[in-house]
Asker: 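The structure that follows is given in the form of structure tokens.
These values consider heavy atoms only, across backbone and side chains, with no hydrogens, waters or symmetry-generated copies.
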Amino acid sequence: MTTIAIIGGGPAGYVAAITAAQQGQEVILIEQRSLGGTCLNTGCMPTKTLLESASMFNQIKHANQFGIQLPVDAVSINWQQVLERKEQIVGKLVQGIQYLMKKNKITIKIGKASFLTNHTVVVENNEQKETVEADQFIIATGSESIPLPFAPFDEKWIISSNQALELPQVPNSLLIVGGGVIGCEFASIYSRMGTKVTIVEMADQILPGEDKDTVAFLHNQLQQDGVTIRTSTAVKELDNINQVALLENEQGKHEVYADYILVAIGRSPRIHDLNLEYIGVEVSKRGIIVNEQMQTTVPNIYACGDVVGGIQLAHVGFHEGEVAASNASGLEAKVNYRAVPRCIYTFPEIASVGMTEKTANEMYPHIKKGEFPFSANGKALIANEQEGKVKVLIDPEYDEIIGISIVGPHATELIGQGTIMLHAELTSESMDHFIAAHPTLSEAIHEAILNANGQSIHI
């Protein structure tokens, strides 16, 4: 039996712990805070809970479109109850992970870990210091919000996503610095709850990694929800006394007043205090350097999740944790990033897998593209969510489906079908006689594939 110690109890870490325990190893999990990491406690789960409340509020305000008459002016948000619901859901999920640790006989150590040797760490908390020895280590310490270089977080006016989840009330105004995934999700939450939101993004579009035509649907909806979007714009100064931000773009300088400044410009790996340089674990600007087995430059030490600086998604952390634990347990496994779904929980939702159209055009000549709008989909019309489309990209030489993007209702659920297609390396021909259930949103994916081959039925 091998003793494996895992530093960090987030998605990558707790999945690594369970995987190693299932292989019959003795497992020690070291966590400084709460099990579940950023995703469960201050990321994926609480933000999606707030998004659900915002969505419900918006649906109720538009109930008359479904023939339901309500005194819309009397509908309001009980913010404290919204926060309580969020905490209840997070608490229940944390309890679930605690149960899984107990079920798999995993030893939990609470505290901050730092390496003494490649086989020893010291775990320190307010009460004691303890030395933990192990044959193999897996580092899964996650990431943390990056502050503006000239204006660090004060957690009062200049806040990170952590504080944005627990504001004392719905703010009147909010300036979001960064139009990436986190920034756009919080814009969707607060704008639908009545906040005057402004997004500042240095690139020429929000969500710079996605195709312009896909992002355009979100851009338009955010504007309809009252969000001011300033692209190709930089924040030059923040005056916390007067609560004003100075912005600059080609048109000149502008002042924006806001109750809060939410800085969402990215996340950096949490590697300080680990003493990695002392034991010879090499680190780049992105994070801990690993190979396909998630092995670091020290053979008995592995790393996974956000700390390696790759694709910072919880489900990628799950996969990397499984691979790291399998190799640490003596099995052979390699990471496979070919079919990683990218999900953005905005209004409308955006989800994609594989290549974007821009990337595909750079790599393949004469790419085949098929699209199908939700405005031609019966189920979308019934739900009154007809904005958006499905886009499918096909390599013309081998007929292989190489990219799918969806913007519209339940895109983050629908992308599962596309992920299977890319994971299985399916061709468009293999989908020719596929029978899609009707009426469903998912049949739009099949229609987009048919459209790529000039065989679309409903457009």
Asker: Around Glu362, counting heavy atoms of other residues, nucleotides and ligands shown, do more than 12 lie under 6.0 Å from its CD?
Answerer: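 It does: Glu362 CD has more than 12 such atoms within range.
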Asker: Step by step, work out the side-chain hydrogen bond (donor to acceptor under 3.5 Å, both in side chains) result for Ser326 and Ser329.
Answerer: CA-CA 5 Å; Ser326 295; Ser329 300; over 6 Å; no
Asker: Between Val215 and Gln205, which heavy-atom pair has the shortest distance, and what is it?
Answerer: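 For Val215 and Gln205, the tightest heavy-atom pair comes out as CG2-NE2, 3.6 Å.
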Asker: Distance alone, cut at 3.5 Å: any donor-acceptor contact between the side chains of Glu26 and Thr3?
Answerer: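 There is such a pair (donor and acceptor under 3.5 Å, judged by atom type) between the side chains of Glu26 and Thr3.
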Asker: If you measure from the Lys or Arg side-chain nitrogens to the Asp or Glu carboxylate oxygens, is any gap between Arg342 and Glu210 under 4.0 Å?
Answerer: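 Between Glu210 and Arg342 there is a salt bridge, with a charged N closer than 4.0 Å to a carboxylate O.
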Asker: Do you know which two heavy atoms are closest between Thr412 and Cys343, and how far apart they sit?
Answerer: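 Taking every non-hydrogen atom into account, CG2-CB, 3.6 Å.
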Asker: So does Val227 get a backbone contact from the side chain of Asp225, meaning a donor-acceptor N/O pair under 3.5 Å?
Answerer: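 No; zero donor-acceptor contacts below 3.5 Å.
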Asker: If you measure from OG on Ser284 to CD1 on Ile289, what distance do you get to the nearest 0.5 Å?
Answerer: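 With rounding to 0.5 Å, OG (Ser284) is 5.0 Å from CD1 (Ile289).
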Asker: Under a 4.0 Å threshold between the charged nitrogen and the carboxylate oxygen, would Arg230 count as salt-bridged to Glu201?
Answerer: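 Looking at Arg230 together with Glu201, the answer is no, because their closest N to O distance does not fall below 4.0 Å.
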Asker: Charged N to carboxylate O below 4.0 Å: is that the case for Lys369 and Glu371?
Answerer: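 Between Glu371 and Lys369 there is a salt bridge, with a charged N closer than 4.0 Å to a carboxylate O.
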Asker: Does this structure show an ion pair linking Lys112 with Glu124, if we count only N-O contacts that are shorter than 4.0 Å?
Answerer: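 Between Glu124 and Lys112 there is no salt bridge, as every charged N stays at least 4.0 Å from the carboxylate O atoms.
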Asker: Looking at Asp259, Leu174, Leu175, Thr228, which hits side chain to side chain contact (heavy atoms under 4.5 Å, CB included) with Lys196?
Answerer: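 The side chain to side chain contact (heavy atoms under 4.5 Å, CB included) with Lys196 is passed solely by Thr228 among Asp259, Leu174, Leu175, Thr228.
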Asker: Will you find, in the side chains of Ser160 and Gln163, an N or O donor that is under 3.5 Å from an N or O acceptor?
Answerer: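 There is such a pair between these side chains.
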Asker: I need the Asn58 CG to Met193 CE distance, nearest 0.5 Å.
Answerer: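 Interatomic distance, Asn58 CG to Met193 CE, rounded to 0.5 Å: 10.5 Å.
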Asker: Compare every heavy atom of Ile288 with every heavy atom of Ala303, then report the nearest pair and how far apart it is.
Answerer: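 Shortest heavy-atom contact: CB-CG2, 3.9 Å.
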Asker: Determine whether the side chains of Gln59 and Ser55 contain a donor N or O and an acceptor N or O closer than 3.5 Å.
Answerer: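 Yes, because at least one side-chain N or O of Gln59 sits under 3.5 Å from a partner of the opposite role on Ser55.
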Asker: In this structure, which one of Asp211, Ile402, Ile404 forms a side chain to side chain contact (heavy atoms under 4.5 Å, CB included) with Met355?
Answerer: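 Running side chain to side chain contact (heavy atoms under 4.5 Å, CB included) over Asp211, Ile402, Ile404 with Met355 returns exactly one hit, Ile402.
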Asker: Taking atom CD1 of Ile199 and atom NE2 of His219, what is their separation to the nearest 0.5 Å?
Answerer: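 Ile199 CD1 to His219 NE2: 9.0 Å, rounded to 0.5 Å.
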Asker: Indicate yes or no: at least one non-hydrogen side-chain atom of Ile28 is less than 4.5 angstrom from one of Ile106.
Answerer: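 Ile28 vs Ile106: side chains apart.
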Asker: When you look at Thr214 and Ile350, which way does the side-chain contact (heavy atoms from CB on, under 4.5 Å) test go after all the steps?
Answerer: CA-CA 8 Å; Thr214 298; Ile350 296 176; 3.9 Å; yes
Asker: With a cut-off of 6.0 Å (strictly less than), are more than 12 heavy atoms of other residues, nucleotides or ligands near OH of Tyr398?
Answerer: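 Check fails, neighbour count at 12 or below.
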Asker: What is the ring orientation for Trp79 with Tyr190, classed by angle as parallel under 30°, tilted 30 to 60°, or perpendicular over 60°?
Answerer: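 Rings of Trp79 and Tyr190: tilted, as their planes differ by 30° to 60°.
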Asker: For His319, which residues count as a ring pair (Phe, Tyr, Trp, His ring centres under 6.0 Å) partner, sequence neighbours excluded?
Answerer: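 Partners of His319 under the ring pair (Phe, Tyr, Trp, His ring centres under 6.0 Å) test: none.
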Asker: Assess the side chains of Lys389 and Ser405: does a donor N or O sit below 3.5 Å from an acceptor N or O?
Answerer: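 There is no such pair between these side chains.
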Asker: Say whether, by atom type as modelled, one donor and one acceptor occur between the side chain of Gln25 and the main chain of Thr2 under 3.5 angstrom.
Answerer: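 Yes; at least one donor-acceptor contact below 3.5 Å.
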Asker: For the pair Lys212 and Asp204, find out whether any cationic side-chain nitrogen is under 4.0 Å from an anionic carboxylate oxygen.
Answerer: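 A salt bridge links Lys212 with Asp204.
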Asker: Would you say Asn125's side chain and Ile110's backbone share a donor-acceptor pair under 3.5 angstrom?
Answerer: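 Yes; at least one donor-acceptor contact below 3.5 Å.
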Asker: Side chains of Ile301 and Gln295: does their closest heavy-atom pair fall under 4.5 Å?
Answerer: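 A side-chain contact is absent here, since even the closest heavy-atom pair is not under 4.5 Å.
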Asker: Is the backbone N or O of Cys184 less than 3.5 Å from a side-chain atom of Thr346, with the two atoms forming a donor-acceptor pair by type?
Answerer: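 Checked: no pair found.
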Asker: Can you confirm whether the side chains of Thr117 and Thr120 place a donor and an acceptor under 3.5 Å from each other?
Answerer: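 Short answer, yes.
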Asker: Using modelled atom types only, decide if a donor and an acceptor are shared between the side chain of Glu349 and the backbone of Ala411 within a distance under 3.5 Å.
Answerer: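 At least one qualifying donor-acceptor pair exists.
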Asker: Honestly, is Arg192 close enough over Phe57, meaning NZ or CZ under 6.0 Å from the six-membered ring centre and within 45° of the axis?
Answerer: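 No, cation not above the ring by the 6.0 Å, 45° rule.
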Asker: Run the numbers on Ile445 and Ile406 for side-chain contact (heavy atoms from CB on, under 4.5 Å), then give the verdict.
Answerer: CA-CA 9 Å; Ile445 300 174; Ile406 306 172; 4.1 Å; yes
Asker: Check whether any side-chain N or O of Asn240 sits under 3.5 Å from a backbone N or O of Ile158 as a donor-acceptor pair, and report yes or no.
Answerer: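 Here the side-chain-to-backbone pair does not exist.
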Asker: Would you say Ser428 and Asp399 are linked by a side-chain donor-acceptor pair, where the criterion is simply a distance under 3.5 Å?
Answerer: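 Asp399 vs Ser428: donor-acceptor pair found between side chains.
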Asker: What I want to check is whether the side chains of Tyr337 and Glu320 have a donor and an acceptor closer together than 3.5 Å.
Answerer: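 Yes, Glu320 and Tyr337 have a side-chain donor paired with an acceptor closer than 3.5 Å.
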Asker: Which heavy atom of Pro396 sits nearest to which heavy atom of Ile367, and what is that distance?
Answerer: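 Residues Pro396 and Ile367, closest heavy atoms: CD-CA, 4.1 Å.
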Asker: Just wondering, do Asn300 and Asp135 contact through their side chains at under 4.5 Å, heavy atoms?
Answerer: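 When only atoms from C-beta onward are counted, Asn300 and Asp135 do not touch, as no gap falls below 4.5 Å.
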Asker: Rounded to the nearest 0.5 Å, how far does CD of Glu387 lie from CZ of Phe374?
Answerer: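 If I round to the nearest 0.5 Å, the distance is 11.5 Å.
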Asker: Picking from Arg267, Met45, Glu144, what satisfies side chain to side chain contact (heavy atoms under 4.5 Å, CB included) with Thr38?
Answerer: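 Checked Arg267, Met45, Glu144 against Thr38; only one passes side chain to side chain contact (heavy atoms under 4.5 Å, CB included): Arg267.
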Asker: Are Ile4 and Ile138 packed together at the side-chain level, in the sense that at least one heavy-atom pair is separated by less than 4.5 angstrom?
Answerer: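 They are in side-chain contact.
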Asker: Distance from Thr47 atom OG1 to Leu51 atom CG, nearest 0.5 Å?
Answerer: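 Nearest 0.5 Å value for the OG1-CG distance: 6.0 Å.
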Asker: Carefully, step by step, assess Asn377 and Glu443 under the rule side-chain contact (heavy atoms from CB on, under 4.5 Å).
Answerer: CA-CA 8 Å; Asn377 177 272; Glu443 61 186 311; 3.6 Å; yes
Asker: Give a yes or no on whether the backbone of Gln221 and the side-chain of Gln223 come within a donor-acceptor separation of less than 3.5 Å.
Answerer: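 Checking the backbone N and O of Gln221 against the side chain of Gln223, no donor-acceptor pair under 3.5 Å is found.
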Asker: I'd like to know if the side chain of Asn275 reaches the main chain of Tyr278, judged simply by a donor and an acceptor atom lying under 3.5 Å from each other, with no hydrogens or angles considered.
Answerer: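 No, the answer is negative, given that no donor and acceptor are paired below the 3.5 Å cut-off.
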Asker: Flag the pair Ile229 / Leu222 as yes when at least one side-chain heavy-atom distance between them is below 4.5 Å, and no otherwise.
Answerer: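 Yes, close enough: below the 4.5 Å cut-off.
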Asker: Can Glu130 and Lys109 be counted as an ion pair, charged N to O under 4.0 angstrom?
Answerer: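 Lys109 and Glu130: salt-bridged.
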Asker: Taking the side chain from Gln417 and the backbone from Leu414, do they hold a donor-acceptor pair closer than 3.5 Å?
Answerer: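 Looks like no, no N/O pair under 3.5 Å.
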Asker: Would you sort out whether Phe153 and Val263 count as a side-chain contact (heavy atoms from CB on, under 4.5 Å), showing the intermediate values?
Answerer: CA-CA 8 Å; Phe153 297 115; Val263 178; 3.6 Å; yes
Asker: Please round to the nearest 0.5 Å and tell me the distance separating atom CG of Asn118 and atom CG of Leu276.
Answerer: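 Nearest 0.5 Å value for the CG-CG distance: 12.0 Å.
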Asker: Within the side chain of Glu31, is there an N or O that forms a donor-acceptor pair under 3.5 Å with the backbone of Arg33?
Answerer: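 Pair found, side chain donor or acceptor close to backbone of Arg33.
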